[in-house]
Amino acid sequence: MKLLVCVKQVPDMESRFKPNGQGTWFEEADLAWRMNEYDEYAVEQAVQLREQLGDAAELTVLSIGPDRVVEAIKKALAMGCDKAVHVVDDAVAGKDPWQIAAIITAHAKGVGYDLIFTGMQSQDRGSAQVGGTVAEELGYACATTLVGFAYDNGTITAKRELEGGIKGVARLATPALVTCQLGLNTPRYPTLPNIMKAKKKEILSIPVADLLTVDPLAVTASFHPPAKKGCGVILEGDVGPMVDQLLGILKEKTAVLR
């Protein structure tokens, strides 16, 4: 059984973000990078299935981006993936979800994966469009926002999180694609022996031009911080005078006490 898990390297959310010179994305200099959190759940679930199936399965991790994404790939390999595909693209930040899905689809068609795992969405763009688009282009069954997963003899039982905290259960026959989110599992930490083993695992590099044949459907026109709003009023002093001051502000500047 051929398994694929797709991961993205994103900036750490604690980083300081500012627009780049073109005003179309953030400035990447001095940012810390990590594997997309949702993708960690996808990798863990894929590795668990790989362990369940044993030698009957082979798990590949795929990532698109410049040389730095190899760090995210190596983490996935250390978590238990068998081999990797690095689609080399220094301009990945300018690709829209349609193009990212087209790259993954082009690779997957040539291999014939039985099951593909992705994160529900990326933490930087958050479109949640790539997984579903890949499934549509491949003609695969698809279940999104998984919080439960089971596999038995070619059938996937997917527990999904719906609106209002309601859970739904879907059963899919392979080939299929699932997108994973928080609560599905607890991603493992790579151990030192597995980190060392990962260094010997195959990473196949493919130029993005070999896979991408479509133009973007959406182009980022502007990337900027939200407009600054007026600052709040800080009241200081004894409670009694502050209460009178607050009441005066509410009467004069709001309609709360009118």
Side-chain angles (χ1 to χ4, degrees), residues 1-9 35-36 38-67 69-89 92 95 97-120 122 129-144 146 149 151-156 158 172-180 197-198 200-214:
M1 187 175 187
K2 294 182 179 179
L3 309 175
L4 175 69
V5 59
C6 302
V7 303
K8 183 178 184 180
Q9 190 185 55
M35 184 189 295
N36 182 54
Y38 296 100
D39 298 346
E40 291 184 354
Y41 295 92
V43 172
E44 176 61 31
Q45 199 59 59
V47 171
Q48 288 185 18
L49 180 58
R50 168 70 176 84
E51 293 171 341
Q52 174 187 334
L53 297 174
D55 293 338
E58 182 181 63
L59 174 57
T60 302
V61 56
L62 179 147
S63 189
I64 306 167
D67 291 343
V69 307
V70 172
E71 292 305 312
I73 289 173
K74 288 181 177 178
K75 179 177 181 179
L77 291 173
M79 290 175 70
C81 294
D82 296 306
K83 61 180 184 178
V85 174
H86 174 202
V87 180
V88 183
D89 184 6
V92 67
K95 303 290 190 300
W98 167 242
Q99 290 180 300
I100 298 299
I103 293 168
I104 298 170
T105 299
H107 167 72
K109 281 183 176 179
V111 177
Y113 292 105
D114 299 288
L115 181 54
I116 301 175
F117 295 84
T118 75
M120 179 185 74
S122 62
Q129 296 176 12
V130 172
T133 304
V134 171
E136 177 68 19
E137 290 299 299
L138 290 173
Y140 281 18
C142 181
T144 59
L146 264 64
F149 176 92
Y151 174 84
D152 182 42
N153 196 29
T155 299
I156 299 159
L172 302 81
T174 55
L177 182 148
V178 296
T179 76
C180 308
K197 290 178 183 178
K200 300 179 181 179
K201 293 181 179 180
E202 176 189 3
I203 301 178
L204 174 65
S205 294
I206 303 175
V208 67
D210 291 356
L211 298 174
L212 182 61
T213 59
V214 300

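Listed here is the closest heavy atom pair of Phe117 and Cys180: CD2-SG, 4.1 Å. In this structure, Gly80 and Leu59 approach most closely via the heavy-atom pair O-CD2, 4.4 Å. Across every non-hydrogen atom of Ala198 and Ala78, the tightest pair is CB-N, 3.7 Å. For the residue pair Ile73 and Val85, the shortest heavy atom distance occurs at CD1-O, 4.1 Å. In this structure, Leu172 and Ala176 approach most closely via the heavy-atom pair CD2-CB, 4.2 Å. Contact record, Tyr140 with Gly112: OH-C, 4.3 Å, taken as the closest heavy-atom pair.
Of the candidates Arg50, Lys197, Lys2, Arg50 is the only one forming a salt bridge (charged side-chain N to carboxylate O under 4.0 Å, His left out) with Asp82.
Note: Leu53 CG to Asp114 CG = 10.0 Å, rounded to the nearest 0.5 Å. In this structure, CG in Leu115 is found 4.5 Å from CD1 in Ile156, a value given to the nearest 0.5 Å. Atom-to-atom distance recorded for Ile203:CD1 and Thr60:OG1 is 12.0 Å, nearest 0.5 angstrom. Here the CH2-OG1 distance, from Trp98 to Thr105, works out to 7.5 Å after rounding to the nearest 0.5 Å. Atoms CG and NZ, from Leu204 and Lys83 in turn, are 8.0 Å apart once rounded to the nearest 0.5 Å.
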Item to check | Ile104/Val130 under side-chain contact (heavy atoms from CB on, under 4.5 Å): CA gap, chis, key distance, verdict | outcome: CA-CA 9 Å; Ile104 298 170; Val130 172; 3.9 Å; yes

Next on the checklist: Run the side-chain contact (heavy atoms from CB on, under 4.5 Å) test on Val70 and Gln9 for me, step by step, so that the C-alpha distance in whole Å, both residues' side-chain angles and the decisive distance to 0.1 Å come before the verdict.
Outcome noted: CA-CA 9 Å; Val70 172; Gln9 190 185 55; over 6 Å; no

Checklist entry - For Thr144 and Met120, what are the C-alpha separation, side-chain angles and deciding distance, and is it a side-chain contact (heavy atoms from CB on, under 4.5 Å)? => result CA-CA 7 Å; Thr144 59; Met120 179 185 74; 6.0 Å; no

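Counting heavy atoms from C-beta outward, Ile64 and Val69 have side chains that stay 4.5 Å or more apart. For the pair Val43 and Lys75, the minimum side-chain heavy-atom distance is 4.5 Å or more. Within the 4.5 Å cutoff, no side-chain heavy atoms of Leu177 are placed close to those of Tyr113. When side chains are defined from C-beta on, Ile103 does not count as touching Leu62, because their heavy atoms never get closer than 4.5 Å. With contacts defined as side-chain heavy-atom distances shorter than 4.5 Å, the pair Val61/Ser63 does not qualify. Between Val111 and Leu4, every side-chain heavy-atom pair lies at or beyond the 4.5 Å cut-off. Side-chain contact between Lys95 and Asp89 is present, with heavy atoms from C-beta onward closer than 4.5 Å. Put simply, the side chain of Ile116 reaches to within 4.5 Å of the side chain of Leu138, judged on heavy atoms.
For Lys74, the NZ atom is loosely surrounded, since the number of other residues' heavy atoms within 6.0 Å does not exceed 12.
In terms of modelled atom types and a separation under 3.5 Å, the side chain of Lys201 and the main chain of Leu77 share a donor-acceptor contact.
Taking a cutoff of 4.0 Å between a charged side-chain nitrogen and a carboxylate oxygen, Lys109 and Glu137 do not qualify as a salt bridge.
Between Gln52 and Gln48, the side chains place no donor N or O within less than 3.5 Å of an acceptor N or O (distance only, hydrogens not considered).
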